[in-house]
Amino acid sequence: MKYTTRPQALLLLADGTIFYGKSIGISGKTFGEVCFNTGMTGYQEIFTDPSYFGQIMVATNPHIGNYGVNANEVEADKIMISGLVCKNFSFTHSRPDSESNLYDYFEKENLICISDVDTRALVSYIRDNGAQNAVICTDGTPVEELKTLLAKVPDMKGLELASTVSVTEPYFFGAENATYKIAALDLGIKRNILRNLAKRDCYIKVFPYNTPFEDLKAFNPDGYFLSNGPGDPEPLTEVIETAKQMIASDKPVFGICLGHQIIGLANGVSTYKMFNGHRGINHPVMNILTGKGEITSQNHGFAVNREELEKHPDLEITHYHINDNTVAGMRMKSKSCFSVQYHPEASPGPHDAEYLFDEFVANIEKAKSLQTV
């Protein structure tokens, strides 16, 4: 392979720290909150996950692009990250079922990427100093000008982003003659969540994030679902009120990630921005109800306040993160409502937590049987 010289590039953090590298060949600059993912595979699923909207992703896997891309391995119709930081960017790929290389995929969507960065040093710095805004620059813009532009980028705390990734019109997923009907509120829903529900005999109607409860109710669903998504949950006041009405309906409710946080807020439990979020496919979680550990996929920068949750008379913790004891799952005592902070639909894996979809369907079946008594 012929050696080609690639343009110099840099990553500037909000605190003024600079990491240098090389452009993969797409010129420009991009802004967002810098974060890292510890997954060793599944980069395409990461890049298209709506929960990452507004974030610059640092890949801890040293090789990105080595197995190309495939249209069946996306979580949304477009790339959702703001930019990519990696060590080694592979312009060639070697997988039988890949459809193209990662560079062409990035070029088509004009995604800015910096490679040849010391990502181990960068991740260590982020872990010590916390998540912060950053800019990737591959077009030679002077650093002082970048600092001025970066100072204008809003912090993730207080930032409502669900509206930027949610659909604007409802749509259906699954077989129309399925046994169960689910009304799903799209805060940034991942495609594999819909696949997991559909393969459990569910017909899903996906609604825009700001859909009034009466419109959800008009579908006559057997259960309600609150999806994952990006940004701070607290500004989503309309969604919080809708969640309260879902819970009051006495039909089963299931929330994942941002949906989990919304359910907490609907019950008067606050959320907070974490110093560093959880992002990867190897996060250990303890299931308190079974006493079993689970390896999970996680992607969140906000969490439910554990101290407030433990004092709540109608909520109980069902799962916690083994590394830092943060809340990973909860349920209501008086209602058929539960949620988890992690991703049981994880693609490409792990699949330890897929049983949660079975529990949701079991809750629906139980509720339906009670209605017929």
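- Connection of Leu161 to Phe31 is not established within any shared hydrophobic cluster, with ILVMFWY side chains joined at heavy-atom distances below 4.5 Å, either directly or through further cluster members.
- Under a cut-off of 6.0 angstrom, the local environment of NZ in Lys157 is crowded, with over 12 non-hydrogen atoms contributed by other residues, nucleotides or ligands.
- Defined by atom type and a distance below 3.5 Å, a donor-acceptor pair is missing between the side-chain atoms of Gln261 and Glu234.
- A side-chain N or O of His260 and one of Ser339 form a donor-acceptor pair less than 3.5 Å apart.
- Contact check on Glu241 versus Lys244 returns a salt bridge, with a Lys/Arg side-chain nitrogen under 4.0 Å from an Asp/Glu carboxylate oxygen.
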For Asn101 and Thr92, run side chain to side chain contact (heavy atoms under 4.5 Å, CB included): C-alpha distance rounded to whole Å, both residues' side-chain angles, the deciding distance at 0.1 Å, then the answer.
-> CA-CA 6 Å; Asn101 63 66; Thr92 58; over 6 Å; no

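- Between Glu109 and Lys78, none of the side-chain N atoms (NZ, or NE/NH1/NH2) sits under 4.0 Å from a carboxylate O, so this pair counts as no salt bridge.
- Of the possible donor and acceptor atoms, one in the side chain of His351 sits under 3.5 Å from a partner among the backbone N and O of Ala346.
- Other residues, nucleotides and ligands place more than 12 heavy atoms under 6.0 Å from the CZ atom of Arg195.
- With hydrogens and angles left out, the side-chain atoms of Tyr125 and Asp118 include no donor and acceptor closer than 3.5 Å.
- With salt bridges taken as basic N to acidic carboxylate O contacts below 4.0 Å, one links Arg331 and Glu316.
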Take Thr48 and Glu45, measure what side chain to side chain donor-acceptor pair (under 3.5 Å) needs, and give me the verdict at the end.
-> CA-CA 5 Å; Thr48 56; Glu45 290 87 348; over 6 Å; no

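- One finds a salt bridge joining Lys273 and Glu33 here, because a Lys/Arg side-chain nitrogen approaches an Asp/Glu carboxylate oxygen to under 4.0 Å.
- None of Asn323, Thr296, Asp324 except one satisfies the side-chain hydrogen bond (donor to acceptor under 3.5 Å, both in side chains) rule with His278; the exception is Asp324.
- Classification of the Phe225-Phe254 ring pair by plane angle, with boundaries at 30° and 60°, yields perpendicular.
- The hydrophobic cluster containing Ile256 also contains Val167, counting ILVMFWY residues as joined when their side-chain heavy atoms lie under 4.5 angstrom apart, directly or transitively.
- Counting only heavy atoms from C-beta outward, the side chains of Leu102 and Phe47 approach each other to under 4.5 Å.
- Here the closest heavy-atom approach between residue Leu216 and residue Met246 is recorded as CD1-CE, 3.5 Å.
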Are Tyr43 and Tyr67 close enough, and set up right, to give a ring pair (Phe, Tyr, Trp, His ring centres under 6.0 Å), and what steps lead you there?
-> CA-CA 10 Å; Tyr43 56 71; Tyr67 59 81; 4.2 Å; yes

Apply the test side chain to side chain donor-acceptor pair (under 3.5 Å) to residues Thr141 and Lys29: give CA-CA distance (whole Å), side-chain angles for both, the deciding distance (0.1 Å), then the verdict.
-> CA-CA 8 Å; Thr141 300; Lys29 46 188 168 284; 3.0 Å; yes

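- Under the 30°/60° scheme for interplanar angles, the aromatic rings of Phe207 and Phe219 are found to stand perpendicular.
- Looking at Asn70 and Ser98, their side chains never bring a donor and an acceptor atom within 3.5 Å of each other.
- Using a 4.0 Å cut-off between charged nitrogen and carboxylate oxygen, Lys181 and Glu176 do not count as a salt-bridge pair.
- A donor and an acceptor atom, one from each side chain of Asp201 and Thr179, are located under 3.5 Å apart.
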Passes side chain to side chain donor-acceptor pair (under 3.5 Å), Asp352 versus Tyr342? Steps please.
-> CA-CA 11 Å; Asp352 293 21; Tyr342 52 98; over 6 Å; no

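- For the pair Lys335 and Asp250, the salt-bridge criterion is met [side-chain N within less than 4.0 Å of a carboxylate O].
- Asp49 and Asn299 share a donor-acceptor pair across their side chains, judged by distance under 3.5 Å alone.
- Using a 4.0 Å cut-off between a side-chain N of Lys or Arg and a carboxylate O of Asp or Glu, Lys147 and Glu144 qualify as a salt bridge.
- Judged by distance alone, the side chains of Gln245 and Tyr224 never bring a donor and an acceptor atom under 3.5 Å apart.
- Lys311 NZ: 12 or fewer foreign heavy atoms inside a 6.0 Å radius.
- Atom CD1 of residue Ile182 and atom SG of residue Cys202 lie 4.5 Å apart, to the nearest 0.5 angstrom.
- One finds no salt bridge joining Lys87 and Asp116 here, because no Lys/Arg side-chain nitrogen approaches an Asp/Glu carboxylate oxygen to under 4.0 Å.
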Might you work through the ring pair (Phe, Tyr, Trp, His ring centres under 6.0 Å) test for Phe302 and Tyr272, ending with a clear yes or no?
-> CA-CA 6 Å; Phe302 291 82; Tyr272 64 94; 8.5 Å; no

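- Considering every non-hydrogen atom in both Gly231 and Leu258, the closest pair reads O-CD1, 4.3 Å.
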Which is it for His300 and Gln298 under the side chain to side chain donor-acceptor pair (under 3.5 Å) test, yes or no, and what are the steps along the way?
-> CA-CA 6 Å; His300 61 102; Gln298 302 207 5; 3.1 Å; yes

For Phe357 and Lys199, run side chain to side chain contact (heavy atoms under 4.5 Å, CB included): C-alpha distance rounded to whole Å, both residues' side-chain angles, the deciding distance at 0.1 Å, then the answer.
-> CA-CA 10 Å; Phe357 290 103; Lys199 75 179 183 180; over 6 Å; no

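- Using cut-offs of 30° and 60° for the angle between ring planes, the Phe106 and Phe89 rings count as tilted.
- Residues Glu73 and Arg95 are paired through a salt bridge, judged by an N-O separation under 4.0 Å between the basic side chain and the carboxylate.
- Looking only at atom types and distance, the side chain of Asn282 has a donor-acceptor partner in the side chain of Thr38 under 3.5 Å away.
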Go through the steps to decide whether Tyr20 and Val117 satisfy the test side chain to side chain contact (heavy atoms under 4.5 Å, CB included), and finish with yes or no.
-> CA-CA 6 Å; Tyr20 293 95; Val117 173; over 6 Å; no

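- Val135 and Leu122 are members of different hydrophobic clusters when ILVMFWY side chains are connected at heavy-atom separations under 4.5 Å.
- Between the side chains of Asp139 and Ser27, no donor-acceptor pair of N or O atoms lies under 3.5 Å.
- The residues Asp77 and Arg191 are annotated as salt-bridged, a charged nitrogen and a carboxylate oxygen being separated by less than 4.0 angstrom.
- A salt bridge links Arg200 with Asp358: the distance from a Lys NZ or Arg NE/NH1/NH2 to an Asp or Glu carboxylate oxygen falls below 4.0 Å.
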Step by step, work out the side chain to side chain contact (heavy atoms under 4.5 Å, CB included) result for Leu356 and Val340.
-> CA-CA 9 Å; Leu356 291 164; Val340 289; 3.7 Å; yes

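- At a cut-off of 3.5 Å, with distance as the only test, a side-chain donor of Asn37 or Tyr52 sits close to an acceptor on the other residue.
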